[in-house]
Amino acid sequence: MRILVLGGDGYLGWPTALHLSQTGHEVAVADNFARRGYDNELGAESLVPIESLQTRVAVWRELTGKSIGVYIGDLCEADFTSAMIKEFRPDAVVHFAEQRAAPYSMIDRKHAVYTQVNNVVGTMNLLYAIAEIDPSIHLVKLGTMGEYGTPNIDIEEGWLEVTHNGRTDRVLYPKRPGSFYHLSKVHDSHNIEFACRIWNLAATDLNQGVVYGQQTPETALDDRLATRFDYDAVFGTVLNRFVIQAVLGRPLTVYGAGGQTRGILDIRDTVRCIQLACENPAQPGEFRVFNQMTESMSIKDIAATVARCFPGEVTIEHLDNPRVEREEHYYNVVHTGLVELGLEPHLLSDTLISSLFDITKRYAHRVNAELMLPKVNWRVSAV
Ligand code: NAD
Ligand code: USQ
């Protein structure tokens with residue numbers, strides 16, 4: 001298949017592009033390097049050094065003989081997005097290209113507005129490009145488990161059968177997310193479902209949980225193919241951060257009581273899920289939703305697991321929670337769709353955590369400890 005990976009320079013987009021190329025698909029990536037710009041803005045950097053996109057693609061070609069096409073541009077520029085779709089004519093578009101950090105979206109009004117404009121407008125431009133150029137292109141869109149929030153009922157895969165006053169209907173699952181970033185994904189989901197309904201587009205919305213890990217078989221082939229590994233309090237995600245904190249001998253920063261429970265998955269399962277979604281497309285007119293996670297864990301259990309695996313002393317500190325979120329709640333998620341397509345999950349293991357300790361030790365000298373503590377607060381202060 002011809003597959004276009006939007007956000008192909010990012011943490012997940014790059015390993016996904018390599019995996020799809022390795023499995024025989026014709027791949028191109030697109031990116032505007034916004035993510036590298038946020039690092040400059042925040043004074044942060046990936047713990048593991050990353051090469052430029054151009055070098056990454058050249059190394060992949062040198063090692064495997066496989067080419068990956070490159071489009072550099074902003075999805076919010078409709079002309080760029082349309083021209084790229086017209087030129088590459090993909091069978092599937094995998095859309096990772098959004099501002100993805102909840103804390104970044106909660107810095108202030110400017111960052112909240114940027115996040116929603118970037119994410120919602122980029123996706124709208126893509127929907128129009130697909131509808132106008134070739135409605136048979138399958139859109140595989142990265143959403144997030146956080147769209148659902150933490151409801152007191154089971155979380156279904158995107159849709160809910162409701163009986164109300166004796167009548168029954170199938171409705172989009174009600175959403176109650178926890179940041180302006182997560183809300184941008186809800187807005188995207190509604191826009192995509194509408195486009196499927198009115199233009200007969202085929203889309204898969206992947207509500208992905210928190211990803212952990214840094215290597216896939218393809219990125220591990222050469223240091224120059226490495227993907228990013230973020231530890232700062234804005235872009236670092238929880239398990240990756242705890243691993244790095246353990247190695248540095250710093251307390252693991254559990255926010256609040258730590259009873260918050262999240263769906264999680266290994267980066268090797270991310271790339272496999274995307275492959276499965278592309279190779280088994282949604283039908284014309286179908287808005288298909290999968291919950292892309294392999295297990296649920298509370299934050300305090302993630303901290304305890306990392307502490308248990310670390311061959312040394314680890315302290316766990318409960319910080320005042322900078323976020324507004326439930327710290328104890330019901331959480332039961334249906335996630336059978338991708339398993340039915342053939343996903344064989346890598347569940348969190350001591351071996352994986354130990355391999356992350358090794359990666360961290362190798363690059364520990366690059367850490368700027370000041371970036372570890374959370375400074376973005378969900379509550380607004382009076383001006
Ligand atoms: P990332 O920030 O590393 O990658 C996103 C890439 O998209 C970046 O390279 C960025 O430069 C690019 N981009 C952003 N806006 C763009 C635009 N307007 N035009 C072109 N390129 C643009 O993020 P990631 O961790 O790889 O996440 C990828 C996707 O998966 C995101 O949509 C995110 O919401 C979703 N997701 C991530 C996780 C996770 O744990 N990392 C979990 C669930 C869902
Ligand atoms: N947390 C801590 N300590 C930390 C960091 C986080 O206790 O040092 C807690 C947070 O309060 C939150 C949970 O861990 O309850 C998850 O936080 P996170 O930063 O790991 O993840 P989140 O903000 O939810 O965002 C990440 C990605 C995002 C993706 C999302 C999937 O950055 O792109 O959409 O995970 S999900 O959470 O399923 O929505």
Side-chain angles (χ1 to χ4, degrees), residues 5-16 29-39 46 50 53 71-77 80-81 94-106 114-115 117-119 121-123 125-126 141-150 177-179 181-182 184-185 188 206-213 227-228 230-231 233-242 245 252-265 267 270 274 291-293 296 298-300 302-303 317-319 321-327 333 372-374 378:
V5 179
L6 309 177
D9 187 48
Y11 169 53
L12 302 176
W14 174 242
T16 300
V29 294
D31 212 291
N32 68 346
F33 305 127
R35 178 68 191 88
R36 293 178 190 248
Y38 312 142
D39 269 355
S46 162
I50 53 168
L53 181 58
Y71 291 91
I72 294 169
D74 187 339
L75 288 190
C76 292
E77 285 171 20
F80 163 76
T81 304
V94 181
H95 179 17
F96 285 104
E98 299 203 330
Q99 191 300 100
R100 69 103 171 130
Y104 188 88
S105 77
M106 300 303 288
Y114 163 76
T115 300
V117 169
N118 184 62
N119 296 0
V121 171
T123 300
N125 286 342
L126 181 61
K141 167 69 171 46
L142 271 291
T144 180
M145 281 303 300
E147 289 183 43
Y148 300 110
T150 52
S179 74
Y181 152 70
H182 287 96
S184 73
K185 296 285 190 182
D188 283 342
L206 296 170
N207 287 330
Q208 181 170 244
V210 186
V211 181
Y212 58 84
T227 196
R228 32 186 328 124
D230 296 305
Y231 65 92
V234 176
F235 275 90
T237 48
V238 65
L239 195 145
N240 290 350
R241 269 167 65 72
F242 287 175
Q245 290 167 340
L252 312 195
T253 52
V254 172
Y255 297 165
Q260 305 91 305
T261 300
R262 296 290 181 266
I264 59 173
L265 78 162
I267 190 168
T270 293
I274 303 291
N291 292 337
Q292 183 166 312
M293 52 169 278
S296 305
S298 70
I299 303 306
K300 60 185 175 207
I302 295 176
E317 194 175 339
H318 288 258
L319 303 182
N321 197 337
R323 305 187 183 198
V324 178
E325 60 187 357
R326 288 199 186 125
E327 294 173 9
V333 182
M372 298 283 263
L373 284 178
W378 263 225

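Indexing begins at 1, ligand by ligand and atom by atom, following the structure's order.
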Closest to atom 27 (O) of ligand 1 among T115, L12, V5, T123 (heavy-atom distance): L12

Could you list which atoms of ligand 2 come closer than 4.0 Å to a heavy atom of Q208? 31 (C), 38 (O)

What protein heavy atom lies closest to atom 35 (C) of ligand 1? Include the residue and the distance to one decimal. L142 CB, 4.0 Å

With backbone taken as N, CA, C and O and side chain as the heavy atoms from C-beta onward, which portion of D31 lies under 4.0 Å from ligand 1: side chain, backbone, both, or neither? both

Considering non-hydrogen atoms of the protein only, which is the closest contact for atom 3 (N) of ligand 2, and what is the distance? T253 O, 2.6 Å

Provide the number and element of each atom of ligand 2 under 4.0 Å from a heavy atom of M145. 38 (O), 39 (O)

Just to confirm my output: which protein heavy-atom neighbour is closest to atom 24 (P) of ligand 1, and how far is it? R100 NE, 3.7 Å

Considering all heavy atoms, the nearest S46-D39 contact: N-OD2, 3.9 Å

Which protein non-hydrogen atom lies closest to atom 34 (O) of ligand 1, naming both residue and atom, and how far is it? Y181 OH, 2.6 Å

Which part of F235 is near ligand 2, with near meaning a heavy atom under 4.0 Å away: side chain, backbone, both or neither? neither

Just to confirm my output: which protein heavy-atom neighbour is closest to atom 15 (O) of ligand 2, and how far is it? E325 OE1, 2.9 Å

Taking ring pair (Phe, Tyr, Trp, His ring centres under 6.0 Å) as the definition, give me every residue that meets it alongside F235, ordered by chain and number, with sequence neighbours left out. Y38, Y104

Using heavy-atom distances, let me know which of Q208, Q292, R228, H95 sits nearest atom 43 (C) of ligand 1. Q208

Provide, to 0.1 Å, the distance between atom 13 (C) of ligand 2 and the closest protein heavy atom, together with that atom's residue and name. I299 CD1, 3.6 Å

Looking at G73, C76, G122, the heavy atom closest to atom 20 (C) of ligand 1 belongs to G73

T237: numbered ligand 2 atoms lying under 4.0 Å from its heavy atoms: 20 (O), 26 (C), 27 (C), 32 (O)

Taking distance alone, with no angle check, do K185 and ligand 1 share an N/O pair under 3.5 Å? yes

Listed by chain and number, what are the ring pair (Phe, Tyr, Trp, His ring centres under 6.0 Å) partners of Y71, not counting sequence neighbours? none

Should you measure from each heavy atom of V254, which atoms of ligand 2 turn up under 4.0 Å away? 7 (O)

How far is atom 1 (N) of ligand 2 from the closest protein heavy atom, and which atom is that? Y255 CD1, 3.5 Å

Identify the closest protein heavy atom to atom 33 (O) of ligand 2: which residue and atom is it, and at what distance? R100 O, 2.7 Å

Please list, in number order, the atoms of ligand 2 under 4.0 Å from a heavy atom of A102. 23 (O)

Ligand 1 to N118 polar contact by distance, N or O atoms, under 3.5 Å: yes

Can you list the atoms of ligand 2 that are under 4.0 Å from a heavy atom of G146? 36 (S), 38 (O), 39 (O)

Among K300, H182, M293, whose heavy atom sits nearest atom 24 (O) of ligand 2? H182

Write out the residue and atom name of the closest protein heavy atom to atom 4 (O) of ligand 1, then the distance separating them to 0.1 Å. G10 CA, 3.4 Å

Side chain, backbone, both or neither: which applies to R262 and ligand 2 if a contact is any heavy-atom pair less than 4.0 Å apart? side chain

Pick from F33, Y11, W14: the one approaching atom 1 (P) of ligand 1 most closely through a non-hydrogen atom: Y11

Report the nearest protein non-hydrogen atom to atom 39 (C) of ligand 1: residue, atom name, distance rounded to 0.1 Å. V211 CG2, 3.8 Å

List ligand 2 atoms under 4.0 Å from G209, heavy atoms only on the residue side. 31 (C), 38 (O)

For ligand 1, which is the ligand I care about here, please tell me if V210 has any N or O atom under 3.5 Å from one of the ligand's N or O atoms. no

What do we get for F235 next to ligand 1 when only non-hydrogen atoms under 4.0 Å count, side chain, backbone, both or neither? neither

Option with minimal heavy-atom separation from atom 31 (C) of ligand 2, where the choices are L142, T144, T261: T144

What do you reckon, does D74 have a nitrogen or oxygen under 3.5 Å from a nitrogen or oxygen of ligand 1? yes

Taking the non-hydrogen atoms of G143, is any one of them nearer than 4.0 angstrom to ligand 1? yes

Of the protein's non-hydrogen atoms, which lies at the shortest distance from atom 42 (C) of ligand 1, and what is that distance? G209 O, 3.0 Å

Residue, atom name and distance, where the atom is the protein heavy atom closest to atom 22 (C) of ligand 1: N32 OD1, 3.0 Å

Just which atoms of ligand 2 are under 4.0 Å from any heavy atom in Q260? 11 (O), 15 (O)

Pairwise side-chain contact, L265 with T270, heavy-atom cut-off 4.5 Å (strictly under): yes

If you compare R323, E317, R241 by their heavy atoms, the one closest to atom 18 (P) of ligand 2 turns out to be R323

Minimum-distance protein heavy atom relative to atom 37 (O) of ligand 2: V210 CG2, 3.4 Å

